[in-house]
Amino acid sequence: MDIIQHNLTQDILDSLGEGLFTVDKDFRINSINRAAELVFGLKRGDVLGDFCKNIFKSDRCLGDCPIQRVLETGENVYDLEGQMRHTSGRKIPVRVNAAILKDESQRPIGGVVSFRDMSYLEKYREELKSASSFQGIVGQHKSMSEIFRLIEDISESDSSVLILGESGTGKEMIANAIQALSPRNRKPYVKINCSVFPPQMLASELFGHVKGAFTDAIRERVGRFDLANTGTIFLDEIAEMPLQMQVQLLRVLQEGTFERLGESTTRRVNVRVIAATNRNIGKELAAGNFRDDLYYRLNVIPIHLPALRERRSDIPHLVQHFINKFSLLSSKNIAEIDDDAMDLLCSYDWPGNVRELENAIEYSFARTKESILRASKLPPSIKNAMPAQSARYFEFETDPEHLGQDIKHLKTILEKNKWNRSKVAKELRIGRTTLWRKMKVLGLLNPES
Amino acid sequence: MSEMLGNRYFIARQYDKAIPQLEAALTEDANVEKVKKKLVICYVQTVQLEKALKLFYEIIIKDPHIIIDTDFYHDDCPCPEILPSWEQKLSFSETPNDLYEVLGILYLYCDYEKSITYLKKAHQVCDHKSLLASILKKLNTSISN
């Protein structure tokens, strides 16, 4: 390669955001790009010609080397997780891609390894483990603390669990936490959403089928219960399951047996069942849409997840959690939220619960260019919801008997501060927007405002 | 895949896996001395001493410096890691004939004097007297020159 060509290649490599190095067939480094130098604190001149294992000291160097894997299988490697070492000795989590370089005769003459620094993901994992969360679930409200205690109490149990809660309350995260703390946490964990399959397909998904069992059964299929054997299965949206299927599920729960579609051989499995629904299960039972016997089998350990509006004191913690999450994922340096935005978030009804809150923060992140999230950047559905939907947030508004006293109290403070809202907000330790909404609800906005 | 995969197994010290790959590389090009150097160590580590000595002899007759000039870091030579365990075996062995051969071969990668000492001992007690005599003669000539 001539000098111009070499410089061009190096420029191209240096322009990449991913770290990259190449080795010859002896596994000596023969090129490295700028991103790799930065991630590991290296200098190109110091590493060229040295063995890659001496430089990166990866946990895979003496075992499952990604280039070795490509040589053995003939398939390129993508997104292999591993750790490599910074020159300071610090371990850096990475995701690695690898491929082989060949000559004209298709003989390997070297390899190329590219990698992404996944340190930010580790930070996020640490964040999830922080004091305010339980297995990644943020919640300090009494109702959530009780659920966390219940999950810990049942950690040794193999009993079925039924999780009830509105959409977006985090039923799957609760199921994950139960599985993670159970003795089956290293065994298979299979999830299925019962609402997304038509009846015939759901039977096939859950129990499997043999070739020719139905028109499209062109090959044998292993069902989710087989896959989950010795482990756990999470049946989401269980109330959507057709009645006929409920009978089959009941049999698995009672006897641990089932047959694949089109097969007469009875199969036996040992699976712990966690089920969830956002439906009102009482109504479904009354309407005959859900079998009593299955309900009692599943409802051994019931967990009722509160809606977010029923645990508003968790909203600030959740907001901070999502700010931290999106800061790490988006590389935007946003660390806080202003009072007005927090007031709006705390007073909104959240029909979509935690999922809707997460989406709202993500939306605001996308729109924010400064270091603080402001109310103006919140989704219109939340900004426009006030004050009607937010009315219940204020204690005095839920108690009409005390309304007169509240009006009088707020008016006194307003007059004392000559209707200067900033001073009043400060005295009441609330945001100016909150004060404005209180004044509006109580009819205390003067005409000039 | 042979040579590169063989090199990889050698780096990972998976000598048994490296052997078929490096042998295949030699069938493609019999004059790759660095492959032969590695293969000698692989044979020793998998206790295939006949093969090790034969290949070692081939290299020495061609040029002893191929092995003598080995740099343990830059050539990723495993001898500093593996020699202590072989030497330890000496104190437990009542008939260390083969061990003399092994140590004579391995020490030539990092300590010429010790290698000669062990090769001479091997020459006194081993079955491969003529082969070892030729090796010692070649080494002697090569170094005196």
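Since the structure is predicted, the reported quantities are computational estimates derived from the model, not experimental observations.
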> Got a second to check how far B:I11's CD1 is from A:C65's SG, nearest 0.5 Å?
Replying inline: 8.0 Å

> Do B:H74 and A:D50 touch side chain to side chain, with heavy atoms closer than 4.5 Å?
Replying inline: no

> Got more than 12 heavy atoms from elsewhere within 6.0 Å of NZ, A:K91?
Replying inline: no

> Are A:I67 and B:M4 close enough that some pair of their side-chain heavy atoms sits under 4.5 Å apart?
Replying inline: yes

> If you round to the nearest 0.5 Å, how far is CZ of A:F51 from CG of B:D75?
Replying inline: 6.5 Å

> Under a 4.5 Å heavy-atom cut-off, does chain B meet the side chain of A:D24, its backbone, both or neither?
Replying inline: backbone

>> Counting neighbours of NZ on A:K53 that are heavy atoms of other residues, nucleotides or ligands and sit closer than 6.0 Å, is the number greater than 12?
In response: yes

> Would one find more than 12 heavy atoms of other residues, nucleotides or ligands at under 6.0 Å from atom CD of A:E220?
Replying inline: yes

> By a 4.5 Å heavy-atom criterion (distance strictly below it), what part of B:F10 contacts chain A: side chain, backbone, both, or neither?
Replying inline: neither

>> Quick check on B:Y112: does its OH atom have over 12 non-hydrogen neighbours (other residues, nucleotides or ligands) under 6.0 Å away?
In response: yes

> Minimum heavy-atom separation for A:C61 to B:A12, with atom names?
Replying inline: O-CB, 4.4 Å

>> Does any backbone or side-chain atom of B:R8 lie under 4.5 Å from a heavy atom of chain A? Answer side chain, backbone, both or neither.
In response: both

> Are there more than 12 heavy atoms of other residues, nucleotides or ligands under 6.0 Å from atom NZ of B:K54?
Replying inline: no

>> Suppose a student defines contact as a heavy atom less than 4.5 Å from any heavy atom of chain B. Which residues in residues 25-33 of chain A would they list?
In response: A:K25, A:D26, A:F27, A:R28

> What part of A:R60 is in contact with chain B, defined as an atom under 4.5 angstrom from a non-hydrogen atom: side chain, backbone, both or neither?
Replying inline: backbone

> Would one find more than 12 heavy atoms of other residues, nucleotides or ligands at under 6.0 Å from atom NZ of B:K137?
Replying inline: no

>> Within the 4.5 Å heavy-atom criterion, are A:R107 and B:E28 side-chain neighbours or not?
In response: yes

